[in-house]
Amino acid sequence: MHAFHDIQFALQADTFHAPVKGQFAFHPDFLLLINIDGDIAATYTSDHPHYADVRQTLVAQDKLKVLEKGQYLMPGLVDLHCHAPQWPQAGKGLDLPLYDWLQNYTFPLENRYQDLAFAAPIYQDVTRTLLANGTTSAVYFASIDRAATELLAQQCMDLGQRAYVGKINMDNTEQCPPYYCEQNITAALDDTDAFIHNVLAIKGNENRLVQPVITPRFVPSCTPDMLNQLGKRVQQYDLHMQTHCSESDWARDYAKQHYGKTDVQIYADAGLLNHKSVLAHSIFLTEEDVSMIKAYRAGIGHCPLSNMFFANAAMQTRELLDSGVQIGLGSDIAGAPSPSIFRAAFDAVSHSRVREEGVDVRLSAGQRGTANARISFVEAFWMATAGGASVLDANTGILETGRHFDAIVIEANTTIGNLRIWPEFDTPRDILEKIICLAQKENVKRVWVQGKDVLR
Ligand SMILES: [Zn+2]
């Protein structure tokens, strides 16, 4: 049995998680023991021979919190792709073509973050909002401004969110607007180096709760020299890397015309891919691309609703899940408006269904869609938790011994939100599906990151 001196607290909770892709586990009255480092020291299912003894000891030491019925514990959600400075833009102009949307809204907005007084309250709000929606790990694109991006990293540290924060690099004067472009590659790289150093040096960040991420915006916005220099840093310091990958017809064709390669090949050749790289979107992948992503153990951030607006085609989610490539979900604020990864999970399912059924009523049913393209809600839940964590190479996403305790409590009752559960005829699978479809911010009652209660 476990020694209890290093236990900070323990929970008894009806618990969902998805340790295996395509499956979920439900443990009624699961016991989880959280140590003083915020890691899961031990777990006991209610049929474990020591369960009663362990529980009694925890009660005697006043360490056990018992969740109420109608409350469900699950791993914290992982957002692999969020543009923090675009938060004020969420819900604006989504019916525009991507080029107009970027030029008219995004670039002028991101450029304002040189003003720290402008940046501070927005970064505070977006990080708080994601946490309140149950996102315990977030991968943020910030802006090209170093000081503001360091402010975002500090904000994540202060709130206790596990965060991966990137100062954007974009130096191709042919593709970037003149007012929002790094004009001098040496200065841009010096800034990037200083950013990496300063984030790692944040007080209290010894365990790297907040990590710097190398962030070339995407192939067209960077010069080849910039991509290569950033790749060197990924290799040298073993850093996370995030970027957009083969998001649209235009992006795919740009890579072909200027490099004669795919985005994945370009990133690989520049040294940008490793076991913790996040390739957002990744719509137009070739089979070779998928093999290469797997060989590097890099991962994909699937942003389903954003793809419906801007990607020109549907994600091959079914095939990617079956391929064994690492894949999780992203909100893509503000290419989609919702800060909730439950919403992204729901959208991933509906996205796959539209792809399976097809859309053109003039075609016969057999010709209209792509056979067997659907994914399940359980697969979407896996992407939202364990899948996302594996993309980041983070020891989270599953509630098992040895993992960091990043977790949330979802509460269903008739006084909040729209989530309703009838235990006498809703099975555990029904309950999990309902949570994905109906849970809102109001239903997220508790959020822990590294064992720390971060909502209060
Ligand atoms: Zn994006």
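Order of appearance sets the numbers: ligands from 1, and atoms from 1 within every ligand. Count residues from 1 along the sequence.
- Ring centers of Tyr123 and Tyr113: under 6.0 Å apart, within the cut-off.
- Taking every heavy atom of both residues into account, Pro339 and Asn133 meet most closely at CG-ND2, 3.8 Å.
- In this pair, Tyr254 and His258 present their aromatic rings parallel. The plane angle is below 30°, not in the 30 to 60° band.
- Listed by chain and number, the protein N, O or S atoms at a distance under 2.8 Å from the Zn ion (ligand 1) are His81 NE2, His83 NE2, His244 NE2.
- The six-membered or imidazole ring of Trp250 lies away from that of Tyr99, with a centre-to-centre distance of 6.0 Å or more.
- Using a 4.5 Å heavy-atom threshold, the side chains of Gln175 and Arg217 count as separate.
- Relative ring orientation between Phe16 and Phe24 is described as tilted, the plane-to-plane angle lying within the 30° to 60° band.
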